[in-house]
2 protein chains.
Amino acid sequence: MVAGCLTVKLSPELLQRFAASGIRLTKQREEVFGLLLQKRDHPTATEVFLRAKKHMPSISLATIYNCLDALVDWGLVKQVNLDRAPTRYCANLQEHSHFYCESCGAISDVDIPFDGRWDLPPGFIVAHAEVSLKGLCAKCSAERFVRDGSTGAGGVPAQYPKTKTPNQKRHS
Amino acid sequence: MVAGCLTVKLSPELLQRFAASGIRLTKQREEVFGLLLQKRDHPTATEVFLRAKKHMPSISLATIYNCLDALVDWGLVKQVNLDRAPTRYCANLQEHSHFYCESCGAISDVDIPFDGRWDLPPGFIVAHAEVSLKGLCAKCSAERFVRDGSTGAGGVPAQYPKTKTPNQKRHS
DNA sequence: AAGCCTTTTTAGAATTATTCTTGATATTGT
DNA sequence: ACAATATCAAGAATAATTCTAAAAAGGCTT
């Protein structure tokens, strides 16, 4: 009971990548990813759902969440969380930050995240800026290095050795 | 039916400020604010609730939310949102950023938000950094300045003239 | 192509953080 | 003290998201 043609045809290279990596690219995932590539306005899961239904009337919201989660897991899509508003999704894989317009609610991508100033398009006015860091605190990094026999000295790469985090859900 | 002594006595200066500003400092608000000042570990509303109940057994979670919202409105407390985890509350009024430890879940304050590098305590390892900007996009700032008769030229202060935002809830 | 195994989709129930509603209670100004 | 106003409490309501169980689809082997 699958509907007609997809919104966006993925590039052969991308399809190749999927095939090579053992990832199963279902019609639904292809549709969801295609929608995100096509209209890069940071839609919420519900918005993606509404758009997807036009082409696949039988798709369910749970599937949208499943697909988005899968795409996020594969590193093809990024979640954008602003305050407690519904999570938005973004197919821009370049490192970038987000700008939320407090007047119209639009979310724009901002290039070059942090090395002094942001590369804001002309006319944009920043009222509030917020930085969230994640990683290992002193205590935990010490423990980790003791266990792994590493020195823990300076120049540690950003991607520290990952050990299984206990039962942590996707966005923790 | 109000319980015994508060966890933390607020400073006379602060009490003065409340009195002067017409803000009504109720026992519940005082307790909640005191708890945040006393143990600065960025508790969630539920955690504040559990702590408050020890001193005010009759307090309700809704009241905790009310008090926290009021404190946030008065600028005495900041909300800390990390991904979609429950909102945490922070009585540190200094401009600062937050560091989330992906191993133990602790949230630390990080001084000096963005001017090159962050002032991280030794041992902290950053794996991911995220910057969220808020303000006015080009379209909206143009509209605003046309309406207000301002030039819109460079050097605009971060605190642009606020007009009523239509029915926007606290965290939008 | 048939059978078998695994993954995915679906629909709806469940969860969870937060907000809303309503009546009770407390506080302030007169 | 009395009215006017603001706040609190309890539980219902909301909304985003996740979970569950069963059906469907995809792949692989023969």
Side-chain angles (χ1 to χ4, degrees), chain A residues 1-3 6 15 18-33 42-50 52-53 55-74 77 79-89 167-172, chain B residues 1-3 6 15 18-33 42-50 52-53 55-74 77 79-89 167-172:
Chain A
M1 199 181 286
V2 172
L6 297 175
L15 294 173
F18 280 110
S21 60
I23 288 166
R24 191 185 291 181
L25 186 64
T26 64
K27 287 267 186 286
Q28 289 86 344
R29 289 174 179 174
E30 198 173 350
E31 170 71 10
V32 166
F33 189 43
H42 308 87
T44 62
T46 304
E47 284 163 354
V48 172
F49 177 51
L50 293 176
K53 273 213 291 197
H55 299 257
M56 306 177 82
S58 72
I59 202 167
S60 76
L61 180 56
T63 298
I64 300 294
Y65 274 106
N66 286 342
C67 293
L68 289 170
D69 284 351
L71 291 166
V72 169
D73 282 348
W74 303 337
V77 163
Q79 289 184 318
V80 181
N81 287 298
L82 275 135
D83 297 334
R84 297 205 65 71
T87 300
R88 294 168 175 280
Y89 296 85
N167 201 22
Q168 247 172 10
K169 288 273 79 164
R170 198 153 288 108
H171 26 317
S172 51
Chain B
M1 200 182 289
V2 173
L6 297 175
L15 294 173
F18 279 110
S21 61
I23 287 166
R24 192 184 291 179
L25 186 64
T26 64
K27 288 265 184 288
Q28 288 86 346
R29 290 173 179 174
E30 199 173 351
E31 170 71 10
V32 167
F33 188 43
H42 308 86
T44 63
T46 305
E47 284 162 356
V48 173
F49 176 50
L50 295 175
K53 273 213 291 199
H55 299 257
M56 307 178 83
S58 72
I59 202 167
S60 76
L61 179 56
T63 297
I64 300 293
Y65 273 108
N66 286 340
C67 293
L68 289 170
D69 284 352
L71 291 166
V72 168
D73 282 349
W74 304 335
V77 164
Q79 289 184 317
V80 181
N81 286 299
L82 275 136
D83 297 338
R84 298 206 65 71
T87 300
R88 296 169 173 280
Y89 296 85
N167 200 24
Q168 246 171 9
K169 289 274 79 162
R170 195 151 292 111
H171 27 320
S172 51

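Throughout, a chain's letter reflects where its sequence line sits, starting with A, and its residues are numbered from 1. The structure displayed is predicted, hence computed values, not measured ones.
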Tell me the interatomic distance from A:N81, atom CG, to C:dA17, atom C1', rounded to whole angstroms.
14 Å
Separation of C:dT15 P from A:L61 CG (nearest whole Å)
19 Å
May I have the distance from A:L68 (atom CG) to C:dT8 (atom P), rounded to whole angstrom?
15 Å
Between protein and nucleotides 3-16 of chain D, map the contacts as a letter string: B base, S sugar-phosphate only, - none, heavy atoms under 4.0 Å, written 5' to 3'.
---SSSBBB----S
Separation of C:dT9 atom P from A:L25 atom CG, nearest Å, is 10 Å
Are the side chains of B:Y89 and B:H42 in contact, using a 4.5 Å heavy-atom criterion?
no
Is the backbone of B:N81 close enough, under 3.5 Å, to the side chain of A:R84 for a donor and an acceptor to pair up by distance?
no
Rounded to the nearest 0.5 Å, what separation is found between the NE2 atom of B:H55 and the NZ atom of B:K27?
14.5 Å
Rounded distance (Å) that lies between atom P of C:dA17 and atom CG of B:L82
15 Å
Separation between OG1 of A:T46 and OH of A:Y65, rounded to the nearest 0.5 Å
5.0 Å
With sequence neighbours left out, the residues meeting side chain to side chain donor-acceptor pair (under 3.5 Å) with A:T63 are A:S60
Point-to-point distance, once rounded to the nearest 0.5 Å, from CD of B:E47 to CZ of B:R88:
5.0 Å
So do the side chains of B:V32 and B:V48 get within less than 4.5 Å of each other, counting heavy atoms only?
yes
Specify the separation, in whole Å, of atom CZ of A:F49 and atom P of C:dT9.
14 Å
For atom CD of B:E47 and atom C1' of C:dA17, their distance in whole Å:
13 Å
For B:I64, the option from B:L50, B:T44, B:I59 that meets side-chain contact (heavy atoms from CB on, under 4.5 Å)
B:I59
Between its two end axes (five pairs each) the helix from C:dA1-D:dT30 to C:dT30-D:dA1 turns, nearest 10 degrees, through 30°
